[in-house]
Amino acid sequence: MDEEAVSPALPVLNISAYLFTPLKDTVALREACHAQANALSLKGTVLIAEEGINLFLAGSEHAVRTFVSWLQHDPRLASISPKESWSASQPFRKLLVKVKNEIIRMNHPAIQPQSGRAPAVDAATLKRWLDSGHDDQGRPVVTLDTRNAFEVDEGSFVNAVDWRIDKFSDFPGAASQHLNDLRDKTVVSFCTGGIRCEKAAIYLRELGLPEVYQLEGGILKYFEEVGGSHYSGNCFVFDERRGVHPDLTPIQTAL
């Protein structure tokens with residue numbers, strides 16, 4: 001959505017965005033991001049690691065778009081593409097900007113998305129595959145939920161594979177146990193905004209599954225582009241909204 005687009009009646013713009021890209025100046029970037037976000041009265045969380053950046057922020061439309069534009073002036077972050085939703089009030093209590101070892105913890109350092117992404121499918125392609133029950137080559141399609149069990153319980157794709165993990169660092173072990181269940185299928189890994197399913201797809205390909213794709217932009221981008229088709233329930237989010245409906249409206253009032 002560009003600066004000229006007509007905004008909904010709800011006044012608070014919420015964004016979720018991440019990008020795997022090599023960042024060596026993590027401490028300096030943390031200070032700059034905190035200063036910029038604080039000056040714009042944004043609230044939420046920004047995580048920075050040598051593998052990239054992951055953020056969840058909310059504020060006025062002008063403030064959020066100003067911050068994203070500022071980020072994109074850094075050539076390393078130029079391709080960052082936020083997912084958007086709107087709320088009546090601020091869903092975050094404060095601003096946190098942190099340097100971490102990983103922007104999403106997997107505890108598997110050989111998986112380095114900043115060195116090359118796994119193939120992705122967009123929302124329209126996944127919907128078309130699920131409509132027909134197979135991919136463009138006729139292979140059966142399975143969706144693989146890479147989120148924590150409590151998130152899955154709020155909603156997921158119909159008939160998605162769910163390994164009931166408690167935290168994302170459990171994913172490699174679960175994948176090794178269930179790998180044979182996914183052979184000879186086209187696997188689409190998905191998560192809330194794309195970051196976990198990107199690492200998951202790379203890991204599964206490293207284990208020898210050739211037809212694994214990540215859902216570009218995760219559930220939030222799917223909702224944004226095609227709505228709730230083939231999805232049951234809501235999408236859990238880690239802020240005061242608790243979750244969003246397929247039309248991206250919050251399931252409960254924010255702060």
Side-chain angles (χ1 to χ4, degrees), residues 1-19 33-48 53-72 77 80-98 103-104 123-124 127 145 147-148 150-157 190-197 215-255:
M1 184 183 298
D2 60 34
E3 197 73 52
E4 307 302 309
V6 177
S7 302
L10 298 175
V12 178
L13 176 57
N14 305 270
I15 61 168
S16 166
Y18 77 94
L19 185 66
C33 284
H34 187 275
Q36 184 73 5
N38 191 55
L40 292 165
S41 299
L42 298 178
K43 294 182 180 180
T45 302
V46 181
L47 303 179
I48 299 167
I53 188 169
N54 184 24
L55 60 89
F56 304 86
L57 290 171
S60 71
E61 179 180 9
H62 172 75
V64 171
R65 297 201 190 286
T66 298
F67 182 82
V68 172
S69 178
W70 173 80
L71 271 184
Q72 291 171 333
L77 304 174
I80 198 165
S81 180
K83 280 75 67 177
E84 297 185 355
S85 61
W86 301 83
S87 59
S89 53
Q90 172 61 255
F92 297 103
R93 297 181 181 274
K94 55 187 176 181
L95 173 66
L96 294 173
V97 186
K98 296 182 177 181
I103 54 174
I104 182 66
K127 179 182 181 301
D145 203 324
R147 299 173 300 158
N148 302 331
F150 73 90
E151 298 173 76
V152 180
D153 290 342
E154 292 288 333
S156 186
F157 283 99
F190 69 92
C191 56
T192 307
I195 187 170
R196 285 177 281 187
C197 48
L215 175 58
E216 188 72 55
I219 299 166
L220 295 179
K221 181 59 71 172
Y222 187 91
F223 283 176
E224 184 180 329
E225 295 188 348
V226 300
S229 181
H230 301 287
Y231 194 93
S232 177
N234 306 305
C235 178
F236 182 91
V237 294
F238 290 90
D239 59 55
E240 295 294 324
R241 295 172 296 170
R242 182 179 170 85
V244 294
H245 298 289
D247 64 1
L248 294 175
T249 57
I251 66 173
Q252 69 182 34
T253 303
L255 294 174

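Basis for what follows: all heavy atoms, side chains included, without hydrogens, waters or symmetry-related copies.
Side-chain atoms of Val237 and Asn14, non-hydrogen and from C-beta on, never get closer than 4.5 Å to each other. Ile104 has its side chain out of reach of Leu47: every pair of non-hydrogen atoms, C-beta onward, lies at least 4.5 Å apart. Contact check for Ser156 versus Arg147: side-chain heavy atoms found under the 4.5 Å cut-off. Residues Phe190 and Ile219 meet the side-chain proximity criterion, which asks for heavy atoms closer than 4.5 Å. Contact of the Phe223 side chain with the Lys83 side chain is not registered, since no non-hydrogen atoms from C-beta on lie closer than 4.5 Å.
One finds the NZ atom of Lys98 at 15.0 Å from the CD1 atom of Ile103 (value rounded to the nearest 0.5 Å). Distance CD1/Ile15 to CG/Leu220: 12.0 Å, rounded to 0.5 Å. If you take CZ on Phe92 and CG on Leu57, they are separated by 7.0 Å, rounding to the nearest 0.5 Å. One distance of note links NZ of Lys221 with CG of Leu215; it measures 11.0 Å at 0.5 Å rounding. Within the model, atoms CD of Glu84 and CG of Leu13 stand 5.0 Å from one another, a figure rounded to the nearest 0.5 Å. One finds the CZ atom of Phe67 at 11.0 Å from the CG atom of Asn38 (value rounded to the nearest 0.5 Å).
Note on Arg93 versus Glu240: salt bridge recorded, some NZ/NE/NH1/NH2 to OD/OE distance being below 4.0 Å.
Judged by distance alone, the side chain of Tyr18 and the main-chain N or O of Gly193 form no donor-acceptor pair under 3.5 Å. Side-chain atoms of Gln90 come within 3.5 Å of backbone atoms of Ala58 as a donor-acceptor pair (strictly under, hydrogens ignored). In this structure, Gln72 contributes its side chain and Ile80 its backbone to a donor-acceptor pair below 3.5 Å. Judged purely by atom type and a 3.5 angstrom limit, Thr249 has no side-chain atom pairing as donor or acceptor with the backbone of His245.
Between Gly59 and Val64, the shortest heavy-atom distance links the atoms N-CG2, 3.6 Å. Across every non-hydrogen atom of Arg241 and Ser87, the tightest pair is CD-CB, 4.2 Å. Of all non-hydrogen atoms in Ser89 and Val12, the two that sit nearest each other are C-CG2, 3.7 Å. In terms of heavy atoms, Val226 sits closest to Lys127 at CB-CD, 4.1 Å.
The aromatic ring centroids of Tyr222 and Phe157 lie less than 6.0 Å from each other.
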For side-chain contact (heavy atoms from CB on, under 4.5 Å), just list the numbers for Cys33 and Ile48, CA-CA rounded to whole Å, side-chain angles, deciding distance to a tenth of an Å, and then say yes or no. CA-CA 10 Å; Cys33 284; Ile48 299 167; 4.2 Å; yes

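Aromatic ring pairs are classed by plane angle as parallel below 30°, tilted from 30° to 60° and perpendicular above 60°; the pair Phe236 and Phe238 is perpendicular.
Among residues two or more places apart in sequence or in another chain, the side-chain hydrogen bond (donor to acceptor under 3.5 Å, both in side chains) test is passed with Asn54 by none. Listed by chain and number, the residues in a side-chain hydrogen bond (donor to acceptor under 3.5 Å, both in side chains) with Glu151 are Asn148, Arg196 (sequence neighbours excluded).
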